[in-house]
Amino acid sequence: MKTVDATLLTGLLLASSASASTCQAPSSYTGTPFSYVQPLNTTILSPYGHSPAVYPSPKTTGNGGWEKAMAKAKDFVSQLTVDEKAWMATGQPGPCVGNVLPIPRLNFSGLCLQNGPQCVQQGDYSSVFVSGVSAAASWDRNLLYDRAYALAKEHKAKGSHVLLGPVGGPLGRSAYGGRAWEGFAADPYLTGVCMEESILGMQDAGVQANAKHFVAYEQEIQRNPTYAPDANATTYIQDSVSSNLDDRTMHEIYMWPFANAARARAASFMCSYNRVNGSHSCQNSYVLNHLLKNELGFQGYVMSDWGATHGGVASVESGMDMTMPGGFTLYGELWTEGSYYGKNLTEAVNNGTVSVDRLDDMIVRIMTPYYWLNQDKNYPSVDASVGPLNVDSPPDTWLYDWKFTGTSNRDVRSNHSSLIREHGAASTVLLKNERNALPLRKNMRNVAIFGNDAGPITQATTVRGNYQYGVLANSGSSGSCRFSTLSTPLNAISSRAEEGGAIVQVWMNNTLVVENGASALLDPQVPDVCLVFVKSWAVEGEDRQFLEFDWNGSAVVESVANYCNNTVVVTHSAGVNVMPFADHPNVTAILAAHYPGEQAGNSIADLLYGDVNPSAKLPYVVAYNESDYNAPLTTGVATSGTYDWQSWFDEELEVGYRYFDAHKIPVRYEFGFGLSYTTFNLTKLVAKANHPSNLTALPAQRPVQPGGNPALWDIVITLEAQVANTGSVDGFATPQLYVQFPKSTPSGTPPSQLRGFDKVWLRAGESKTVSFDLMRRDVSYWDVTAQDWRIPAGSFTFKSGFSSRDFRANTTATLVR
């Protein structure tokens, strides 16, 4: 047991009402908002790990430009019966992965919710875009917006009202996380930018964005409770893993990107599977009522992840507005009939357990974004072809007679393949390039291609498993995609090589290469270049067990490099991998292509042959050894108590590069690193003199808007630097700005934190001025006592360069005294 001074308890986070069995608001509670708080004991398991309860759930106000839409939503809700309201908050089996029933008498055609952070998952004749981690690696705001806009246009054309994305959690606390590739970067600032640009793009296309998974959802193992095999599947053997984190870590790391999402006016948030400080996320009143709806001013609706609802009244009162998939509950990883909402919600309202006022707010929150995005006006109907592709609720499970209109099997791809090809190249990181290995010479006579990642998918058009043969351009489960077309490296490179008169030798059987050695397989003449394609799989529902490449990938590279003195390695993976072959003298180049979507082959060929100059940067750290990474997953418990799955986020703010920097650990490739076919320099970092001279440590208390206190988003300092292309090839430079906080900041503050970046096109020899606008939040830390963002006194050091360890210029400034 750890004893905590009672005076510190007001500064502890702790994310909300405990699970339904341990902490519920009294049904008779009528106090002022946020006054019902469960007292904490002064002797607890840790300075965190428990959640105070916060009731009631705040009502939406429509702040931030939703006022007119909210008025329409209220008028609509006033015409509903209690039954209709209850079922609007309850998903139903149907053609989409999530469905809200139509109400024909009010000309409401229902809502279609569809997976696809990378595609329209349940859609034929649709595109597969670059993955989240790929998009983050571009460090390109325009790319992020354009990708999201195009993706949402396809969703809309298929009849999706809600796109289940983007993903701000998992953030990437652990290198082993199974779903980090669906999200963006192991950094809250970069992920926040990715979330905001993606949501703006999606909703500008007319589709509701769903920011997920809120919050601190960082592992797949035991993400759901283990149930006893009883008839109702409601008795826990062991509960889901609890992410236990302190107040400052919650705000500065895991909640940070979701503040950007709320600021972008995301239509909805998805609460996550895990518990947060002991309480299920989807019935955690501190997380949903206080942090999200109160502190961040979120005006939309909160939906559960599929099967993440574990209580009815408890989740309603704690701030969840919609349960999904509604007509099902999770039994292990199997679906069975039943719902905590639906008729149970109707009964709870009729007997006074849940107020009509709370139910009305739930539906107003659901309908306001619908009207705001004009989804009531000539919106495309759901494509009938998506229903048979629905593996979550196939047609024989539908309880409602769904009517389909409009064209079936709609081709929604437009000209997006060219965009995806461009994005795939812009998202591929050049990690090594020695002896001018790249770009490839056009006059090469002998090209060899190795690795089971180079060719076509041989098992299926949809990625459902870690198949042996085929390029890994997308991964599995709810982020999986159906390829209508797929450009493979084998085809794209063979075509280019043969145009130049080269012969192409191909060996895609990894076992054969490792057991026999490349020298025994190739012609006596050593190829001009040996291209090796390796991959690593990651998927929802599982965490990664190792960070090496699958199918003996590293051994394949070693075998080829031992024979071929010009070995170029291309990786397709979920993100973090160790690369023991990187120091091999014959490995002349390495490219990390992540999951680049349907144009994987053409994108990599464009880079290899120099049509595109690499510009991507790592959104995570590549360490020398697996043991160098911190924040291990909780992979088992030694006891069998119901609540024994506890994951302690004891690393606090030391996530990703922050940990490596704080402990001065050498890395193979640092966060923000990426090479180009040219060279850049950055000089003359200066703070402009127009920042406020009367800046206060704490922000002025303005009325909360989406994203929180608007004062946090005020620009308080602007820095400028000169960036020059010092090489001979035109290309994009990606200058980055990091902040070192003053010594007065509380202990545990990382040495450097990303707080700005830009992507600038420079012709060879050209120089430009870049600006970094820093907002109050960027130069503040979360004060656990004041429960506010504080700018510390003393001197800040601002450092700018081209990675988290490549600083070319710095300057200092004091913001408050």
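The residues of the chain are indexed from 1 along the displayed sequence.
Checked against salt bridge (Lys or Arg N to Asp or Glu O under 4.0 Å), Arg658 has the following partners two or more places apart in sequence or in another chain: Asp187. Under the ring-ring contact (aromatic ring centres under 6.0 Å, His included) criterion, Tyr176 pairs with no residue, sequence neighbours left out. Listed by chain and residue number, Trp372 satisfy the ring-ring contact (aromatic ring centres under 6.0 Å, His included) test with Trp66 (two or more places apart in sequence, or in another chain). Partners of Tyr657 by ring-ring contact (aromatic ring centres under 6.0 Å, His included), not counting sequence neighbours, listed by chain and number: Phe671. Residues forming a ring-ring contact (aromatic ring centres under 6.0 Å, His included) with Tyr629 (at least two apart in sequence, or on another chain): Phe660. Shown here are the side-chain hydrogen bond (donor to acceptor under 3.5 Å, both in side chains) partners of Gln299, two or more places apart in sequence or in another chain: Thr60, Thr61.
For the pair Lys85 and Asp360, the salt-bridge criterion is met [side-chain N within less than 4.0 Å of a carboxylate O]. A salt bridge between Arg179 and Glu218 is absent, with no side-chain N of the basic residue lying under 4.0 Å from a carboxylate O of the acidic one. Taking the charged nitrogens against the carboxylate oxygens, Arg248 and Glu652 have no contact shorter than 4.0 Å, which rules out a salt bridge.
Shown here for Met322 and Val100, the closest heavy-atom pair between the two residues is CE-CG2, 3.9 Å.
Proximity of the aromatic rings of Tyr595 and Trp181 is defined here by a centroid distance below 6.0 angstrom, and this criterion is met. Between Tyr643 and Tyr236, the distance from one ring center to the other does not fall under 6.0 angstrom.
The OG atom of Ser268 sits 10.0 Å away from the CE atom of Met324 when rounded to the nearest 0.5 Å. A distance of 10.0 Å separates CG in Asn277 from CZ in Arg275, rounded to the nearest 0.5 Å.
The backbone N or O of His594 sits nowhere less than 3.5 Å from a side-chain atom of Ser134 that would complete a donor-acceptor pair.
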